[in-house]
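Since the structure comes first, as structure tokens, the remarks are kept for the end.
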Amino acid sequence: MNSKIIGTGGYLPAKVLTNKDLETIVDTTDDWIIERTGIQQRHISEPGETTSSMATKASIDAIKSANINNDDIDLIIVATTTPDMVFPSTACILQNNLKIKAPAFDVQAACTGFIYAMSIADNYIRTGTSKNVLIVGAEKYSNLLDWSDRSTCVLFGDGAGAVVLSAKPEEGIISSHIHADGQYNDLLDVKNEQIRMKGNEVFKVAVNTLSKLVDETLEKNNMDKSDIDWLVPHQANLRIIKAAAKKLSLSLDQVVVTVDRHANTSAASIPLALNEAVKDGRIKDDQVILLEAFGSGFTWGSVLLRY
Ligand code: UT7
């Protein structure tokens with residue numbers, strides 16, 4: 001059996017924080033943030049909102065759009081770096097919220113978490129272990145930000161995205177590729193519950209690594225860049241996204257961009273972007289989609305799929 005996406009969902013907190021709002025908090029400007037990152041605003045959760053509550057809303061949306069019942073889900077994987085607590089896992093809290101009786105666990109691969117989760121789910125489906133996997137990327141980064149550090153606090157936002165991946169005879173996930181290299185761990189980490197990043201150095205490694213990842217993914221499948229209909233990248237920086245699009249000779253209108261409105265929502269960014277483009281009709285049945293991400297660890301990975 002193949003693994004095919006049969007439903008997508010998303011949730012963004014109602015509260016919007018604009019670049020102009022940030023000008024009143026730290027020494028930054030709307031112009032700097034837009035020029036260096038493409039970000040114009042981000043969503044920030046209310047105090048009562050948690051990673052699991054956002055994950056629950058995105059999951060309800062995804063299960064509804066998949067046109068199945070909660071009981072049909074036989075595995076739950078949540079990709080997050082901002083769990084509600086160390087344990088129980090956010091996946092177990094979500095499982096209880098949805099009243100689903102299925103194994104549930106979290107995956108932590110920072111901004112590449114959703115790609116790792118898709119890769120794991122694909123293997124569970126291909127081996128016949130699972131039929132309908134709920135995969136969620138959910139993050140509350142506002143909890144991890146040092147609101148006096150302009151080099152990081154302007155970059156991130158909160159939200160959750162979800163997909164239902166199902167066993168189907170027709171082609172779905174074509175291949176997945178996951179990687180890690182721990183030698184760069186001090187360039188982007190969380191110490192004392194706050195994000196620290198050497199942004200410029202991360203930027204260079206991200207662009208080079210994602211370029212090689214595109215080659216690896218296409219070569220593995222004997223495909224040409226012209227075979228790709230849509231790029232749905234992790235949304236860290238519009239300049240990184242443009243470099244990946246250039247590598248694929250794709251115009252920006254074949255790239256799903258949400259970083260302008262969502263900022264970087266880490267593991268949630270790809271499922272949120274995917275959900276948006278599926279729901280507004282841009283992504284259509286049978287199209288070939290490349291998902292790719294790069295994040296702390298470093299971790300990076302891609303999923304090539306036929307929608
Ligand atoms: O999602 C996980 C992976 N993360 C990423 O992929 C992020 C990768 N990195 C980036 O996206 C970019 O490196 C940043 C957006 C984080 C920074 O952009 P940059 O063009 O690399 O800027 P920079 O760090 O080299 O800083 C340039 C200048 C510095 O001032 P000086 O030293 O030139 O005087 C910074 O202090 O910009 C200054 N700066 C700011 N100025 C206004 C840094 N942050 C801000 C700010 N507002 N918010």
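Read the numbers this way: they start at 1 and go in the same order the structure lists the ligands and their atoms.
- For Asp122, the salt bridge (Lys or Arg N to Asp or Glu O under 4.0 Å) test picks out Arg126, with sequence neighbours left out.
- For residues 163-182, the side-chain hydrogen bond (donor to acceptor under 3.5 Å, both in side chains) pairs, not counting sequence neighbours, are Ser119-Ser176, Asn132-Ser166, Glu171-Arg306, Ser175-His177, Ser175-Asn221, His177-Glu216, His179-Glu216, Asp181-Gln183.
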Using a cut-off of under 3.5 Å, which N/O atoms of ligand 1 pair up with protein N/O atoms, and what distance separates each pair?
{"residue": "ligand 1", "atom": "1 (O)", "partner": "His234", "partner atom": "NE2", "Å": "2.9"}
{"residue": "ligand 1", "atom": "1 (O)", "partner": "Asn264", "partner atom": "ND2", "Å": "2.8"}
{"residue": "ligand 1", "atom": "9 (N)", "partner": "Gly199", "partner atom": "O", "Å": "3.0"}
{"residue": "ligand 1", "atom": "11 (O)", "partner": "Asn237", "partner atom": "ND2", "Å": "2.7"}
{"residue": "ligand 1", "atom": "13 (O)", "partner": "Gly199", "partner atom": "O", "Å": "3.0"}
{"residue": "ligand 1", "atom": "13 (O)", "partner": "Asn200", "partner atom": "N", "Å": "3.4"}
{"residue": "ligand 1", "atom": "20 (O)", "partner": "Arg36", "partner atom": "NH1", "Å": "2.7"}
{"residue": "ligand 1", "atom": "20 (O)", "partner": "Arg239", "partner atom": "NH2", "Å": "3.0"}
{"residue": "ligand 1", "atom": "21 (O)", "partner": "Asn200", "partner atom": "ND2", "Å": "2.9"}
{"residue": "ligand 1", "atom": "22 (O)", "partner": "Arg36", "partner atom": "NH1", "Å": "3.3"}
{"residue": "ligand 1", "atom": "25 (O)", "partner": "Asn200", "partner atom": "ND2", "Å": "3.0"}
{"residue": "ligand 1", "atom": "36 (O)", "partner": "Arg150", "partner atom": "NH2", "Å": "3.0"}
{"residue": "ligand 1", "atom": "37 (O)", "partner": "Trp32", "partner atom": "NE1", "Å": "3.2"}
{"residue": "ligand 1", "atom": "41 (N)", "partner": "Trp32", "partner atom": "NE1", "Å": "3.4"}
{"residue": "ligand 1", "atom": "47 (N)", "partner": "Thr28", "partner atom": "OG1", "Å": "2.6"}
{"residue": "ligand 1", "atom": "48 (N)", "partner": "Thr28", "partner atom": "OG1", "Å": "3.1"}
{"residue": "ligand 1", "atom": "48 (N)", "partner": "Arg150", "partner atom": "O", "Å": "2.9"}

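- Annotation: Tyr307, atom OH; neighbour count of heavy atoms from other residues, nucleotides and ligands within 6.0 Å is above 12.
- Annotation for Asp224: atom CG counts as buried by contact number, over 12 foreign heavy atoms lying within 6.0 Å.
- Contact check on Lys140 versus Asp158 returns no salt bridge, with no Lys/Arg side-chain nitrogen under 4.0 Å from an Asp/Glu carboxylate oxygen.
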What donor-acceptor contacts under 3.5 angstrom involve side-chain atoms of residues 242-251, with partners at least two apart or in another chain?
{"residue": "Lys247", "atom": "NZ", "partner": "Ser211", "partner atom": "OG", "Å": "3.4"}
{"residue": "Lys247", "atom": "NZ", "partner": "Asp215", "partner atom": "OD1", "Å": "3.1"}
{"residue": "Lys247", "atom": "NZ", "partner": "Asp215", "partner atom": "OD2", "Å": "3.0"}
{"residue": "Ser249", "atom": "OG", "partner": "Lys225", "partner atom": "NZ", "Å": "3.1"}
{"residue": "Ser251", "atom": "OG", "partner": "Asp253", "partner atom": "OD1", "Å": "2.3"}

